[in-house]
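Worksheet: the structure to be examined is printed underneath.
Throughout, protein chains are lettered first and strands after them, A, B, ... in sequence-line order, and every chain is numbered starting at 1. Model, not experiment: these values are computed from the prediction.
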2 protein chains.
Amino acid sequence: MAIRTAERMLGQLRDAGFKITAQRVAIVTELADDPSHPTAQELYERLRPNEAAMSFATVYNTLAALEQVHACTALALSQGPTRFDPKMDPHHHVVCDQCGKMVDLPYSESPEAAALPEGFALRSIEKIYRGVCAPCRT
Amino acid sequence: MAIRTAERMLGQLRDAGFKITAQRVAIVTELADDPSHPTAQELYERLRPNEAAMSFATVYNTLAALEQVHACTALALSQGPTRFDPKMDPHHHVVCDQCGKMVDLPYSESPEAAALPEGFALRSIEKIYRGVCAPCRT
DNA sequence: CAACCTAATTAGAATCATTCTAATTGGCAA
DNA sequence: TTGCCAATTAGAATGATTCTAATTAGGTTG
C-alpha cells in the first residue's frame with residue numbers, strides 16, 4: 001500500500017512535467033502513508049541521514065510541487081510550522097492547541113463529536129470556508 | 001458601541017489582574033470593533049503615529065493577554081501572520097487562499113454555502129475540532 | 001499623596017519558519 | 001550521447017514572533 005501510494009504521487013508529479021529525482025522519490029516515499037502530518041523539518045530530519053544528499057529547500061520545493069499537482073495538502077491550522085497531509089479524500093482535522101499535532105477525522109455530516117481520539121478535551125468546532133475572494137480573482 | 005466593546009475588554013483584563021496602561025487602552029480601542037481581523041503588524045502601524053510610544057513586543061504581549069482572558073481570539077488559519085478577532089460569540093470564517101483575508105460567517109448548522117461574500121469562489125469547507133490532546137493534558 | 005513593589009514597556013537581539021540566490025548537478029528528450 | 005533546462009545545493013535573506021535586560025509606570029499601601 002505504501003509503495004502504491006508513493007507511486008501514485010510520483011505519477012502525478014511526472015504527469016505534470018516534474019522530473020523524478022532521487023530526492024523527490026525519498027520525500028514522497030517518506031510522506032506517502034504517514035498519517036502523522038509531518039512538518040518540513042521532521043521530513044528533513046528523517047531523510048538527512050540517508051545516502052542521498054538532501055537540502056532543506058528541496059523539502060519545501062518538493063512539498064510545494066506535490067501540493068500543486070494535488071498529491072498532498074499543506075495544513076496551516078494553528079501556530080507553528082505547516083504540516084503536510086498526503087490523504088486527499090475529504091476529511092476533517094482534530095488539532096491540539098498545545099502541541100499542534102493533528103489527527104484525521106472521517107468526513108460525515110453528524111454527529112459533531114463522534115470518534116474523537118481517546119482523552120481529547122474538545123474546546124471548539126470551527127468551520128472554515130476556503131477559496132479565493134473577489135479582489136484576488138481579477 | 002466601539003467604546004462599550006473596548007471597555008468590556010479592558011474590564012476583562014483588569015478583572016484578571018492585568019494593569020491598564022496607555023498602550024493597552026490604545027490597542028484594545030483599535031481592535032475592539034474592527035471586523036477586518038488585523039495582524040499584529042497592522043495594529044502596530046496604525047498605532048505608532050499616535051502620541052503614546054508603542055513597541056512591537058507590546059502589541060504581541062497585549063494580544064496574548066487579551067487571548068488569555070478570552071477577550072479576543074488568535075486566528076492562524078493559513079500561511080502568513082496570525083490575525084486577531086475581537087468577536088467572541090461562536091462563528092465561522094471565510095478565508096482567501098491568496099491574500100489570507102478573513103470574513104466572519106454567522107454560526108448556523110446549514111446550509112453550507114449560504115451568505116458567502118459576493119464573488120467568493122468557494123473551494124472547500126473544512127471542520128476543525130480544537131482542544132487539548134491526551135498527552136498534553138498531563 | 002509619596003513611596004514602593006512589581007508588572008509592563010522598550011529597543012534590539014535572537015529564534016523559528018520559510019523563501020530566495022547564484023552556482024552546480026543531473027533528468028530525460030532528441 | 002549530448003545538451004537543455006529544471007532541480008539541487010549551501011548559505012544568505014526575509015518575515016513573523018519571542019526573548020532579553022534595562023527602564024518606566026500602574027496601582028496598592030502606609
Legend entry - Distance-minimising heavy-atom pair for A/Pro38 and A/Glu42: CA-OE1, 3.1 Å
Inset, instruction - Compare every heavy atom of A/Lys19 with every heavy atom of A/Arg24, then report the nearest pair and how far apart it is. - result: NH1-O, 2.9 Å
Legend entry - Separation of C/dA17 C1' from A/Phe84 CZ (nearest whole Å): 11 Å
Legend entry - Full working for side chain to side chain contact (heavy atoms under 4.5 Å, CB included) between B/Met9 and B/Leu31: CA-CA 10 Å; B/Met9 292 169 80; B/Leu31 178 63; 4.2 Å; yes
Legend entry - Candidate nucleotides C/dT10, C/dT18, D/dA16, ranked by approach to the side chain of B/Gln41 - the nearest: D/dA16
Inset, instruction - Grab the two heavy atoms, one from A/Thr58 and one from A/Ile27, that are nearest each other, plus how far apart they are. - result: O-CD1, 3.9 Å
Inset, instruction - Using the side chain to side chain donor-acceptor pair (under 3.5 Å) rule, pick out the option among A/Lys127, A/Arg130, A/His91 that qualifies with B/Glu126. - result: A/Arg130
Inset, instruction - Calculate the interatomic distance between B/Gln68 atom CD and C/dA7 atom C1'; express it in whole Å. - result: 13 Å
Inset, instruction - Select one nucleotide: of C/dT19, C/dC20, D/dT8, the one nearest the side-chain heavy atoms of A/Tyr60. - result: C/dT19
Inset, instruction - State which of C/dA17, D/dT17, D/dT8 makes the closest approach to the side chain of B/Thr82. - result: D/dT17
Inset, instruction - Tell me whether the OP1 or OP2 atom of C/dA8 has a side-chain N or O from B/Thr62 closer than 4.0 Å. - result: no
Inset, instruction - Quickly work out the B/Phe56 CZ to C/dA14 P distance and round it to whole Å. - result: 19 Å
Inset, instruction - Report the distance from atom CD of B/Glu67 to atom C1' of D/dT17, rounded to the nearest whole Å. - result: 14 Å
Inset, instruction - Provide the closest heavy-atom pair for B/Thr73 versus B/Glu67 in the form atom of the first, atom of the second, distance. - result: CA-CG, 4.2 Å
Legend entry - Terminal helix-axis angle for the helix from C/dC1-D/dG30 to C/dA30-D/dT1, with five pairs defining each axis and rounding to 10 degrees: 30°
Legend entry - Short side-chain N/O contact from B/Gln79 to OP1 or OP2 of C/dT19, under 4.0 Å: no
Inset, instruction - Starting from P on C/dA17, measure out to CG on A/Leu63 and report it in whole angstrom. - result: 15 Å
Inset, instruction - May I have the distance from A/Arg24 (atom CZ) to D/dT9 (atom P), rounded to whole angstrom? - result: 11 Å
Inset, instruction - Would you mind reading off the distance between B/Asp15 atom CG and D/dG26 atom P, rounded to a whole angstrom? - result: 19 Å
Inset, instruction - Find out whether B/Leu75 and B/His37 are in side-chain contact, i.e. whether some heavy atom of one side chain is under 4.5 Å from a heavy atom of the other. - result: yes
Legend entry - Between P of C/dT9 and CG of B/Leu13, the distance in whole Å: 10 Å
Inset, instruction - Please tell me if the side chains of A/Thr62 and A/Thr21 come closer than 4.5 Å, counting only heavy atoms from C-beta onward. - result: no
Inset, instruction - Ignoring hydrogens and angles, tell me if any N or O in the side chain of A/Glu30 forms a donor-acceptor pair with the backbone of A/Leu43 under 3.5 Å. - result: no
Inset, instruction - For nucleotides 22-30 of chain C, just jot down a letter per nucleotide in 5' to 3' order: B, S or -, based on protein non-hydrogen atoms under 4.0 Å. - result: ----BBS--
Inset, instruction - State, to 0.1 Å, how close A/Pro86 and A/Arg8 come at their nearest heavy-atom pair, and which atoms those are. - result: O-NH2, 4.3 Å
Inset, instruction - Check whether any side-chain N or O of B/Thr39 sits under 4.0 Å from OP1 or OP2 of D/dA16, and answer yes or no. - result: no
Legend entry - Minimum-distance nucleotide (side-chain atoms of A/Asn61 versus C/dT9, D/dT8, C/dA11): D/dT8
